[in-house]
Amino acid sequence: MSTLGKVFAGLVIVAALGFFFLGMLALQAHRSWGEANENAKQQLEQAIEQVKVTRWGQLQGGKLVKPGIVQKVAELHGLLVDRGRVWYQVTPSAVDPMTGATSVEVANPSPHQIVGGSILNVFEDKPRGEGGQFLGQFRVTGLEGDTKVALAPAMTMSPESLQRLAASQAAGGTWTIYELLPRDRHELFTTLDDEAQKALLPAETVQEYLKDGKDADPNDPQDRQVDRKYVRRLRDYNVLFRDLDQQMAVLRDRVASAEVDQQNMDAALADAQKHVEFERATIASLKTELAELQAELTAVTKHRETLEAGLAQTRADVARLVEANEQLVDQLAAQQGVVRAPGDRADYEEP
C-alpha cells in the first residue's frame, strides 16, 4: 500500500473513531432526553391528575374524601345564599336611648343597595371572644343618599339591650350588618378543639357542641342519636328571636301589671298606715283619758270610803242618841208615873 493510501486509511480510521464517539454521545443524549421525557410525561400526568383532584375533588369507595374547587365553590355559594348580603365596617351614629333608633354610614359597597323596610341583623364588628355581640334586628326606616341608612329596632328592646346598643356606639367601634341571620350548621365548630369551643360558647350549651358527632351516651334522648352518634339540635335563630320577643312582651305586660298592682298596694298600705296611725293616736288618747278616769275613780272611791266611814259613824252616833233619848223618856215617864207601852218605843231605821 502506498503512503497516500496509508495516510488515507489512517484518516478514515480517525474519522470513524470520531463518528463512533459522536454516535456514542448522541446515543447517550438520546437516552438521557428519553428518560427526561418520560419523567416529564409522568410529572405532567401527575400534574394533570392533581389538577383534576384540585378541581373536582377525590373519590374513594364512591365517597368524596377530599373536596375540590367545584365543591368548595358550591359550598361557598351555599354559604353566601344562606348568609345573604353582608355590609362590613358600618359606622353608627348616636342611638336614641328610649327607642334604640339610629342611623349608620355604609361606605362599602357604594351604593349600598339596601332596600327600605327590610329587616337587617346587626353585630358588633369584632370576635365574640373580644366582646363582640349580636345587637338586634332592625328595620330600615329611611335612606339618605348612597351611604346613609336610618334604622329602628324591629322588636321592642329591653332596657339592657338599649344600654348594650348605646354602649357599642359610644365605644367608637364599627358594626357588621347581615341581610340574613347566620344559619346553624353542624360543621361550623368541627375545626375547633374542645378548649376553643369552651372559650367561644356559653357554658350552659357548650356540652351539646362538644358531644356533636361523637359516640352517643345511652342516656341521651333518642331524638339526639343517629347511627349511635350524638347529633345536637340545630337552632333557627329567627324563630328563637321571635319567640323571645313574644316572651319579653308577655313579661313586660306582667311587669307593668305588677307595677300597677304594687302602686295600688302601696296606696292601700299608705291609707291603711294612716288609719293605723289614727287608731294608734285614738288609742293613746283613750289610754290617757282612761288613766285620768282611773285616777278620778280612785279619788272617788277613796272619798266614798271616807263618806261611808263617816256615815257609819254618824249612824252609830244616831243610834246611841236614840237609845239615850229612849232611856231619858223612860226615866221621865217613870217620874211622872206613866207606863209606856211597847208600841210607844221609837224604832230607828237606817235610811
Side-chain angles (χ1 to χ4, degrees), residues 90-104 114 116-142 149-184 198-209 221 232-279:
V90 175
T91 305
S93 301
V95 175
D96 188 324
M98 300 302 296
T99 64
T102 184
S103 61
V104 295
I114 294 176
S118 59
I119 302 296
L120 302 177
N121 303 278
V122 178
F123 292 79
E124 286 186 304
D125 195 13
K126 54 185 175 180
R128 184 182 183 277
E130 299 178 8
Q133 304 177 79
F134 174 63
L135 298 177
Q137 292 184 318
F138 291 79
R139 186 183 303 278
V140 178
T141 58
V149 179
L151 301 175
M155 299 177 285
T156 303
M157 302 188 77
S158 65
E160 295 78 11
S161 298
L162 289 172
Q163 293 176 3
R164 183 167 62 249
L165 183 67
S168 177
Q169 184 275 327
T174 57
W175 293 348
T176 298
I177 297 179
Y178 286 81
E179 186 177 26
L180 302 174
L181 276 175
R183 189 163 65 90
D184 195 9
K198 290 179 181 179
L200 180 64
L201 300 168
E204 58 271 17
T205 59
V206 68
Q207 288 301 323
E208 295 182 31
Y209 294 85
R232 71 176 178 89
R233 181 175 57 187
L234 298 180
R235 292 168 171 82
D236 187 333
Y237 292 104
N238 273 311
V239 174
L240 291 177
F241 283 135
R242 283 196 297 270
D243 290 344
L244 178 61
D245 181 60
Q246 293 176 358
Q247 294 175 17
M248 291 295 293
V250 172
L251 289 177
R252 281 192 292 268
D253 290 342
R254 289 181 178 178
V255 169
S257 177
E259 288 177 347
V260 172
D261 292 342
Q262 181 67 38
Q263 292 174 359
N264 293 335
M265 291 183 64
D266 290 342
L269 181 61
D271 187 59
Q273 191 66 31
K274 290 180 181 179
H275 285 290
V276 169
E277 295 298 330
F278 175 77
E279 296 298 335

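Excluded from the calculations below are hydrogen atoms, water molecules and symmetry mates; all remaining heavy atoms, backbone and side chain alike, are included.
In this structure, the salt bridge (charged side-chain N to carboxylate O under 4.0 Å, His left out) partners of R235, at least two apart in sequence or on a different chain, are E208. Checked against side-chain contact (heavy atoms from CB on, under 4.5 Å), D236 has the following partners two or more places apart in sequence or in another chain: N238, V239. Residues passing the side-chain contact (heavy atoms from CB on, under 4.5 Å) test with T176, sequence neighbours excluded: V86, Y88, D125, Y178. With sequence neighbours excluded, no residue forms a side-chain contact (heavy atoms from CB on, under 4.5 Å) with P159. A search for side-chain hydrogen bond (donor to acceptor under 3.5 Å, both in side chains) contacts involving S93 returns S103, not counting sequence neighbours.
Of all heavy-atom pairs between F241 and M155, the closest is O-SD, 3.9 Å. Between P153 and T99, the closest heavy-atom pair is CG-O, 3.1 Å.
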Let me have the donor-acceptor pairs involving side chains of residues 243-269, under 3.5 Å, with sequence neighbours excluded, atom names and distances please.
unit_1: Q262; atom_1: NE2; unit_2: D266; atom_2: OD1; d: 2.9
unit_1: N264; atom_1: ND2; unit_2: V260; atom_2: O; d: 3.4

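Using a 4.5 Å cut-off on side-chain heavy atoms (C-beta onward), W175 and T102 make contact. In this structure, the side chains of N121 and Y237 stay at 4.5 Å or more apart for every pair of heavy atoms. Considering only heavy atoms from C-beta on, V90 stays 4.5 Å or farther from T174 through its side chain. Side-chain contact between Q169 and L135: absent, with no pair of heavy atoms (C-beta onward) separated by less than 4.5 Å.
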